[in-house]
Protein chains: 2
Amino acid sequence: MAHSDTVDRILDAAEALFAERGFSETSLRMITSKANVNLAAVNYHFGSKNALIQAVFSRFLSPFSKSLEVELKRISDKHGDQPLSLEALLGVVTTCIVKVPSQSKTGVSAFMRLLGLAYTQSQGHLRKYLEEEYSSAFKLFMKHMRDATPQLSAVDRFWRIQFMLGTTAFTMSSSEALSDILENELQVRTSTEEIVQRLVPFLAAGLQAPLPK
Amino acid sequence: MAHSDTVDRILDAAEALFAERGFSETSLRMITSKANVNLAAVNYHFGSKNALIQAVFSRFLSPFSKSLEVELKRISDKHGDQPLSLEALLGVVTTCIVKVPSQSKTGVSAFMRLLGLAYTQSQGHLRKYLEEEYSSAFKLFMKHMRDATPQLSAVDRFWRIQFMLGTTAFTMSSSEALSDILENELQVRTSTEEIVQRLVPFLAAGLQAPLPK
DNA sequence: AAACATTCCAAACATATGTTTTAAACATAC
DNA sequence: GTATGTTTAAAACATATGTTTGGAATGTTT
């Protein structure tokens, strides 16, 4: 078989464990024993642990960036030269985020947590890999972002976009822990979808906040 | 000497390396060789690596939480039963953040990055320690936060505060890298103080964003 | 059926890590 | 000056990690 069952079992186990514990804190032995495969299988199929990490990312990031590019082009075609509103733009992104993982086995929560880790737990090789692989989708998103916030100067826009990405990455990377805390305090459970829904207005308002002098 | 030079040198080196690379990715040997002390000194003075991590945190978190409590009480006394405005409250926090590290050798950026790591790289022992040690300052801040955002439900407020903390920790933790990128792109240099000034309106607007249904 | 390629497995390997041990150097008090 | 407790130094220890290896099992092709 070109894609042995083993490969998928490893990817599933790795994805879950990485999301749960981070990269350095997850050993190959944890992964292979959760996947019920031999330890050597990882190096046989992927070559190295770093390559496995990248494979885990591309499995969910590729469909996502694909879907994002398609969706953005579709909507902006429909709108002609009218630029997308900020809300619409963020809406597209969140739609793609929520849609994609359900196609694979990954939950949205693991998906987002991995994204957060990629940002935070700065593994040099990962950052490099992601930049090379997904720069086109990212640039397209940034172009729409420019059009959606014409009132901002380039510098202002730069910082606010960083704030936005930071909020998202950070919240998602600790979303589970935060949900636990909240449940403990107020006996309310918040799903990842709901967190995203809460996040969007916060971000939109922040991006459009009146400028300081 | 009660507080040998060695102890401080270890703390300085550990602080810098933790901020730069994270906890698991920083070995005791890196720390001791950067600090120019013997490997065994860490276990002698602190007992374990985990204890060292906690010591690094308390060195900068204790003065900060102290200063925050004092400052909050001072200002709220001055205002009588009038609740602090959101802007004023955030102002107090940022003032304390910017003020405290300059007393020690820590830069604001390392200070914030460590906070971010504490959140993200959730080492069980650290979370527990921080909760026990600094719950009083945190609870005081949350009380004022409640008063400053009466329009929010408890759940809404919880999440928006998390968004706010996330944005701050994340931005500050990568502020240096981001400044570099911006300078490269637009030939503009942004100081940490300016970043904070840009952050506050973003956060205030996000916190007060209209609620989704 | 034989030849070949691929996949799997148990064990070994080299290295890095946190921690402990042993002894020497040092300071301080009696 | 000796004794006592403290700090440093170098080495050893036990363990965990990523990776490699040689061969067995399995599948595919001729």
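All chains are named by letter (A, B, ...) in the order of the sequence lines, taking the proteins before the strands, and each is independently numbered beginning at 1. Small disclaimer: the values here were computed from a predicted structure and weren't measured.
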Could you go step by step and tell me if A:Leu28 and A:Leu39 meet the side-chain contact (heavy atoms from CB on, under 4.5 Å) rule? CA-CA 7 Å; A:Leu28 291 184; A:Leu39 168 61; 4.0 Å; yes
Pair B:Leu52, B:Ile31 - check side-chain contact (heavy atoms from CB on, under 4.5 Å), show working. CA-CA 11 Å; B:Leu52 170 62; B:Ile31 293 170; 3.9 Å; yes
Test: salt bridge (charged side-chain N to carboxylate O under 4.0 Å, His left out). Region: residues 28-56 of chain A. Which pairs qualify, not counting sequence neighbours? none
Side-chain N or O of A:Thr6 less than 4.0 angstrom from OP1 or OP2 on C:dC8? yes
Report the nucleotide, chosen from C:dT7, D:dT6, C:dT19, that has the shortest atom-to-atom distance to any side-chain atom of B:Ser48. C:dT19
Trace of the side-chain contact (heavy atoms from CB on, under 4.5 Å) decision for B:Phe64 with B:Leu61: CA-CA 5 Å; B:Phe64 169 69; B:Leu61 223 42; 4.2 Å; yes
Atom OH of B:Tyr44 and atom P of D:dT6 are separated, to the nearest Å, by 6 Å
Check the angle between the aromatic planes of A:Phe23 and A:Phe57 and answer parallel, tilted or perpendicular using the 30° and 60° thresholds. tilted
Does any donor atom in the side chain of A:Glu69 or A:Ser136 lie under 3.5 Å from an acceptor atom in the other side chain? yes
Value in whole Å for how far the P atom of D:dG18 lies from CD of A:Glu25: 11 Å
Below 4.0 angstrom, which residues in residues 26-43 of chain B have at least one non-hydrogen atom near DNA chain D? B:Arg29, B:Asn38, B:Ala40
Could you state the atom-to-atom distance from CZ of A:Phe46 to P of D:dT19 in whole Å? 13 Å
Distance in angstrom units between B:His45 NE2 and C:dT19 C1', rounded: 16 Å
Protein-nucleotide distance (A:Lys49, atom NZ; D:dA16, atom P), rounded to Å: 15 Å
